[in-house]
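Here's the structure, in structure tokens; my notes come after.
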Amino acid sequence: MPPSPRRGRSIITLVAFLVLIAIAWEAAKFIAGNPWRIGEWVWDPPFRVSFVSDLNLPHIWEIVGALADPYRRNAEDSLLVFLAGKALYTWREAAIGFGFGALLGIGLAIAFVHSTILERAFVPYVVASQTIPIVALAPMIVFAVGASEGAVIIVATYLTFFPVTISMIRGLRSPDPRALELMRSYAASRRTVLWKLRLPASLPYLFTALKITATASVVGAIIGEGPGGVADGLGWTIIEFNQTYITGPEKLWAAIFVTSLLGITFYAVVRLVELRVLRSRPEATAG
Amino acid sequence: MTPDPTVVRLAGVEKTFTLPDGAPMTALTGIDLEIARGEFVSLIGPSGCGKSTLLRVIGDLTPPSSGTVTINGKPAHRARLDRDYGMVFQSPVLFEWRSVEDNVRLPLEVAGGGRAQREARVREMLALVELADFARHHPYQLSGGMQQRVAIARALSFSPAILLMDEPFGALDEMTRERMNSEVLRIWAQTGITVVFVTHSIPEAVFLSSRVVVMSARPGRVTRVIDVDLPRPRGVETRENRRYFELITAVREALRGNDGHEPDAVSDSRLEAEGFSG
């Protein structure tokens, strides 16, 4: 992969986009938020919209300030360090769930592709499983395996395996029929066809699914931490900051910021692995 | 001791497909054909005459509805399991995630065997198609003609008894095609392999073959077999040879004589699209 000017440009685009959001954010507060803290005699906004008031939408520098402050009174760590620790913990759960989900999804897809009977019998249930809201399912999982990290990982797995299954069924069937005939003319076994043709051919499809599930697994882990009673991750922290939102909205915003940063980072890691693995197929790595 | 020189023996081969409306469609009927060791035989005919289907029947990619296919005295199925076939299609069907050498190595990996021997064979094949310098390239970095040469190297890698080629140069431009024709003749002469070659192109069939099998459509059958007595090795001069033009005319007339009407709407490609040839 040659170092391309395109990558540099995309970083510039991203930064420009973030700056634009920040400007829009502060502009909204400027024309419709509460008076600035310096006092109404300096600037009185022409509109009043409660959503962008200081009670709801803190100034960006307040969020940044909160990240630098101790996460609670007399605490040694800053909120950023505190949230980073939580994020790392949640990421570990998400990554394990992501791994299990990917394996489960790949395994199911391999079974379905090789057996029409299995496919007909089980695909409807796989689909149905995804129509059950995770908030309804989470307590059951907790009840079944106990309030623990295990429950959180199961929730993350549950949110991960479905896109992988569906994409992999497609991917394993993606080889050119001629390529399958070629393998047939080599008298290749089904297993050989799977290893040498179907699985390599399915990789672009797999990575498409993994990019979706990288973020989904983070969401799954966060949701699972509530009923799972796991207090060391972002999920519990978000619930906590929700309760103190009235007095300190910037903390929740900071947590949201860190959470999305986690999701983006996980996505970017998967994307980098994709670029590396698929480097011999330039047309398969676009986007 | 003289081994039976017949590599391919087709006796009373018929192939019937069932159309979506349930009606039977006879793709091939009454095919009797013998191909001797080291021959280069082309199958030529209008779209829908079943020439590709016939090639697939020979290669045991689809079974005949009746009749027998014998390869080196064995049933076609046995021959496939013994890896007697090398296949080259119109598209190179290279595995894009494999480098050139890895693509050529693929059939050897499937067949198993010693690593050192395998590597030597890969090098030998790449040298044969004159792509040794491109061993580590990936398919997307090669031109269409080069990709097809990789496909030929791959097909020959495990020394099959017979090379089946289904319009291998149909997607190439005329210049590349002529170059590939000379290339394939060189490889054929060097390896002494038996080749069955499906083509749409009369000049190509005449230039390459020792015999041209002319087929007609609806139902697909062999109408004439024309011996090509052009001297070998064949090259640029061959294409200017008077005999070359006479043979082209002979094949053209044989093709025209078959039919008297336009080729039918049901073509090979449509059958394939509907999944009848598999």
Side-chain angles (χ1 to χ4, degrees), chain A residues 1-2 4 6 106 110 113-114 116 119 167-168 170-210 271-287, chain B residues 52 55-56 58-62 71 76-100 102-103 105-112 136-142 151 154-155 157-158 160-164 166-168 272-273 275-278:
Chain A
M1 182 106 301
S4 62
R6 278 186 55 202
I106 293 169
I110 289 174
V113 165
H114 285 92
T116 320
E119 187 181 11
S167 300
M168 281 301 284
R170 183 87 192 274
L172 292 169
R173 293 210 169 114
S174 68
D176 187 331
R178 302 282 172 200
L180 289 164
E181 291 189 338
L182 212 54
M183 294 303 273
R184 190 175 146 82
S185 78
Y186 305 155
S189 66
R190 279 174 129 196
R191 176 193 293 242
T192 308
V193 174
L194 178 66
W195 275 111
K196 304 242 179 239
L197 177 57
R198 289 191 188 275
L199 279 174
S202 72
L203 285 181
Y205 296 81
L206 177 64
F207 275 105
T208 301
L210 291 184
R271 173 78 177 135
L272 284 177
V273 174
E274 177 187 32
L275 285 174
R276 172 106 192 98
V277 172
L278 301 183
R279 67 190 180 286
S280 68
R281 319 179 215 191
E283 74 295 345
T285 59
Chain B
S52 286
L55 193 78
R56 297 161 51 77
I58 295 174
D60 191 43
L61 293 176
T62 185
I71 307 294
H77 182 68
R78 185 71 247 158
R80 181 171 63 78
L81 295 182
D82 288 349
R83 303 192 171 97
D84 283 347
Y85 300 113
M87 297 276 327
V88 178
F89 300 109
Q90 179 169 0
S91 57
V93 209
L94 300 179
F95 291 12
E96 55 183 1
W97 53 90
R98 283 173 170 255
S99 66
V100 166
D102 290 346
N103 266 289
R105 193 186 297 109
L106 173 72
L108 300 170
E109 285 172 18
V110 174
R136 291 182 198 274
H137 282 58
H138 276 274
Y140 76 93
Q141 296 166 311
L142 304 183
R154 178 181 60 186
S157 64
F158 54 69
I162 172 171
L163 183 60
L164 304 178
D166 191 358
E167 295 184 42
E272 272 157 29
F276 288 104
S277 39

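Everything numeric here is computed off the predicted structure, so don't read it as measured data. Side chains included, hydrogens not; waters and symmetry mates left out as well; all remaining heavy atoms used. Residue numbering restarts at 1 for every chain, and letters A, B, ... go by the order of the sequence lines.
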**Complete:** Pair count under 4.5 Å, heavy atoms only, with chain B: among Leu278(A), Asp176(A), Leu197(A), highest is Leu197(A)
**Item:** Residues, nucleotides or ligands: over 12 heavy atoms within 6.0 Å of Arg184(A) CZ
**Value:** yes
**Asked** Side chain of Arg80(B), backbone of Ser185(A): donor and acceptor closer than 3.5 Å?
**Response** no
**Request:** State the CZ-CG distance between Arg178(A) and Asp166(B), to the nearest 0.5 angstrom.
**Result:** 6.0 Å
**Message:** Donor-acceptor check, side chain of Arg281(A) to backbone of Tyr140(B), threshold 3.5 angstrom: yes or no?
**Reply:** no
**Asp60(B) portion near chain A, given a 4.5 angstrom heavy-atom threshold** = both
**Request:** Please report the C-alpha distance between Tyr186(A) and Arg154(B) in whole Å, then the side-chain angles of each, then the deciding distance to 0.1 Å, and finally whether the side chain to side chain contact (heavy atoms under 4.5 Å, CB included) criterion is met.
**Result:** CA-CA 11 Å; Tyr186(A) 305 155; Arg154(B) 178 181 60 186; 3.3 Å; yes
**Item:** When Ala188(A), Pro177(A), Ala201(A) are compared by non-hydrogen pairs under 4.5 Å with chain B, the top option
**Value:** Ala201(A)
**Request:** Check the pair Lys196(A), Glu109(B) against side chain to side chain contact (heavy atoms under 4.5 Å, CB included), reporting the backbone distance first and the verdict last.
**Result:** CA-CA 9 Å; Lys196(A) 304 242 179 239; Glu109(B) 285 172 18; 2.8 Å; yes
**Asked** Any idea which of Tyr85(B), Trp97(B), Phe95(B) has the most non-hydrogen atom pairs under 4.5 angstrom with chain A?
**Response** Trp97(B)
**Prompt:** Val93(B) and Leu182(A): which non-hydrogen atoms are nearest, and at how many Å?
**Reply:** O-CD2, 4.0 Å
